[in-house]
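One is the number of the first residue; the rest follow in order along the sequence.
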Amino acid sequence: MSDKQKGLIEVFSEVLLFVSHRFCVRHLHSNFKREGFSGISLKNALRKVARASTKKWFNTCMVEIFYLDPEAANWFQDKSPSEWSRFNFSENAKSDILLNNICESFNEMILESRDKPIITLLEKIRYLLMARMQANRDKASRWDIGDIYPMIRDISHENQVSAAEFIPRKSNEWKYEIIGASIHDMLGVDLLNKICSGRKWDLTEILCKHVAAIWAKKDEINSYVHDCYKVETYRRVYDFAILPMND
């Protein structure tokens, strides 16, 4: 995920040929605003388009932008939705993030060292990563093995609460039709293949509210969450340490 700095797109296309590339929506809005499309209504409309996880939802939100300002809608013509809207994101990454907050956090972490000589900067980064990896190992050691880690568990529980808005209709052993309050809230869920037509489950494989509407207490909630969110996976990620160095 980049902030559309000059030259990055060309570099990614050469060096990271088979890697999906996304634009930070915050920076996208800055460019949008710089072109003269300002105002809270257009800002909110852009964010709705970016959050749209289905093509139908995306098209509906784009129509809203068109009604607000036709020129603003035309501004998106040369921008591929795969780079900034969830509906066209790859399902391989198991991530639906729209903002490059991770990069911003890293920049904040090294802020005091960024104007130092290169060796001093690299030494600071080495130490910060060494300390952070150990802190994450300590944190993970307090979690129960076989569980999903706390932040993902909290998201799943929030979606279980939201699931009360939906009614599941069983089609066969694995497939369900999910009905919401609106006539537009009708989706299909395939538990066997882990597919929800709302695509939020597909994008992240975190229990979404549509799947949670089906979930029964006799089932293990972890079976609806990807292995990348499991405690044992988290521990493996930070299993290797950055070792101490001499002067």
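Enclosure of atom OH in Y127 is not indicated, since only 12 or fewer non-hydrogen atoms of other residues, nucleotides or ligands lie within 6.0 angstrom. For N246, the CG atom is loosely surrounded, since the number of other residues' heavy atoms within 6.0 Å does not exceed 12. The local environment of NZ in K230 is crowded, with over 12 non-hydrogen atoms from other residues, nucleotides or ligands closer than 6.0 Å. Shown here is K43, whose NZ atom has no more than 12 heavy atoms of other residues, nucleotides or ligands within 6.0 Å. By the neighbour-count criterion of 12 heavy atoms within 6.0 Å, atom CG of L111 is densely surrounded, having more than that number from other residues, nucleotides or ligands.
Separating the NE2 atom in H29 from the CG atom in L46 is a distance of 6.5 Å, to the nearest 0.5 Å. Taking NE2 from H210 and OG from S162, the interatomic distance works out to 9.5 Å, rounded to the nearest 0.5 Å. To the nearest 0.5 Å, atoms CD1 (I97) and OG1 (T204) are separated by 12.0 Å. To the nearest 0.5 angstrom, E232 atom CD is 14.0 Å from Y234 atom OH. Put simply, OG on S80 and CD on E83 are 5.0 Å apart, with the number rounded to the nearest 0.5 Å. In this structure, E104 CD and C24 SG are separated by 7.0 Å, a value rounded to the nearest 0.5 Å.
Checked against the 6.0 Å centroid criterion, the rings of F76 and F32 qualify as a close aromatic pair.
Here the closest heavy-atom approach between residue I214 and residue P168 is recorded as CG1-CB, 4.0 Å. K48 and C61 get closest at one heavy-atom pair: O-SG, 3.9 Å. In this structure, L207 and S156 approach most closely via the heavy-atom pair CB-OG, 3.8 Å. Smallest separation of non-hydrogen atoms from S85 and A52: OG-O, 3.7 Å. In plain terms, the two heavy atoms of W201 and V189 that are nearest each other are CZ3-CG1, 4.3 Å. Between S53 and L203, the shortest heavy-atom distance links the atoms CB-CD1, 4.5 Å.
Looking only at side-chain heavy atoms (C-beta outward), T233 and Y149 stay at 4.5 Å or farther from each other. Side-chain contact between W143 and P150: present, with at least one pair of heavy atoms (C-beta onward) separated by less than 4.5 Å. Put simply, the side chain of L28 reaches to within 4.5 Å of the side chain of K79, judged on heavy atoms. Between T54 and S197 the shortest side-chain heavy-atom distance does not fall below 4.5 Å. You'll find the side chain of L16 stays beyond 4.5 Å of the side chain of H21, heavy atoms only. The side-chain heavy atoms of R22 and S95, taken from C-beta on, include a pair separated by under 4.5 Å.
Under the 4.5 Å side-chain heavy-atom criterion for Ile, Leu, Val, Met, Phe, Trp and Tyr, L68 and F66 are members of distinct hydrophobic clusters. In terms of hydrophobic clustering, with Ile, Leu, Val, Met, Phe, Trp and Tyr side chains grouped at heavy-atom distances under 4.5 Å, M133 and M151 are assigned to a common cluster. V49 and L99 fall within the same hydrophobic cluster, defined by Ile, Leu, Val, Met, Phe, Trp and Tyr side-chain heavy atoms under 4.5 Å apart, directly or through other members. Hydrophobic clustering, with ILVMFWY side chains joined whenever heavy atoms are under 4.5 angstrom apart, groups L42 together with F58. Hydrophobic clustering (ILVMFWY, side-chain heavy atoms < 4.5 Å, transitive): I242 and F240 are in distinct clusters.
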Query raised in the report: So L129 and I125, side chain to side chain contact (heavy atoms under 4.5 Å, CB included) or not? Walk me through it.
Result: CA-CA 6 Å; L129 293 178; I125 293 174; 3.9 Å; yes

Report task. With side chain to side chain contact (heavy atoms under 4.5 Å, CB included) as the test, would you mind laying out the steps for V225 and I152 before giving the verdict? Result -> CA-CA 9 Å; V225 175; I152 304 302; 4.1 Å; yes

Query raised in the report: Run the side chain to side chain contact (heavy atoms under 4.5 Å, CB included) check on Y176 and L191 step by step: do they pass?
Result: CA-CA 8 Å; Y176 290 78; L191 295 179; 3.9 Å; yes

Requested in this report: Determine, step by step, whether L98 and W84 satisfy the side chain to side chain contact (heavy atoms under 4.5 Å, CB included) criterion, reporting the C-alpha distance in whole Å, the side-chain angles of both residues, the deciding distance to 0.1 Å, and the verdict.
Outcome: CA-CA 7 Å; L98 297 167; W84 62 278; over 6 Å; no

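Each salt bridge (charged side-chain N to carboxylate O under 4.0 Å, His left out) pair with one or both residues in residues 166-176, not counting sequence neighbours, appears once here: R169-E177. Counting only residues at least two apart or on different chains, the salt bridge (charged side-chain N to carboxylate O under 4.0 Å, His left out) pairs with a member in residues 122-139 are E123-R126.
A donor-acceptor pair is defined here as one N or O able to donate and one able to accept, closer than 3.5 Å; no such pair exists between the side chain of N193 and the backbone of I195. Between the side chain of R235 and the main chain of A140, a donor-acceptor pair closer than 3.5 Å is present. A donor-acceptor pair is defined here as one N or O able to donate and one able to accept, closer than 3.5 Å; no such pair exists between the side chain of T120 and the backbone of K116.
H226 and Y229 have perpendicular rings, their planes meeting at more than 60° on a 0 to 90° scale where under 30° would count as parallel.
A cation-pi arrangement is absent between K55 and W57 under the rule of less than 6.0 angstrom and at most 45 degrees off the ring axis.
Salt-bridge check for K94 with E205: passed, with a basic side-chain N closer than 4.0 Å to an acidic carboxylate O. The pair R199-D202 does not meet the salt-bridge criterion, since no charged nitrogen lies less than 4.0 angstrom from a carboxylate oxygen. Between R153 and D147 there is a salt bridge, with a side-chain nitrogen of the basic residue lying less than 4.0 Å from a carboxylate oxygen of the acidic one.
Between the side chains of N101 and R26, at least one donor N or O lies within less than 3.5 Å of an accepting N or O. Side chain to side chain, N44 and R47 fail the donor-acceptor criterion of an N or O pair below 3.5 Å.
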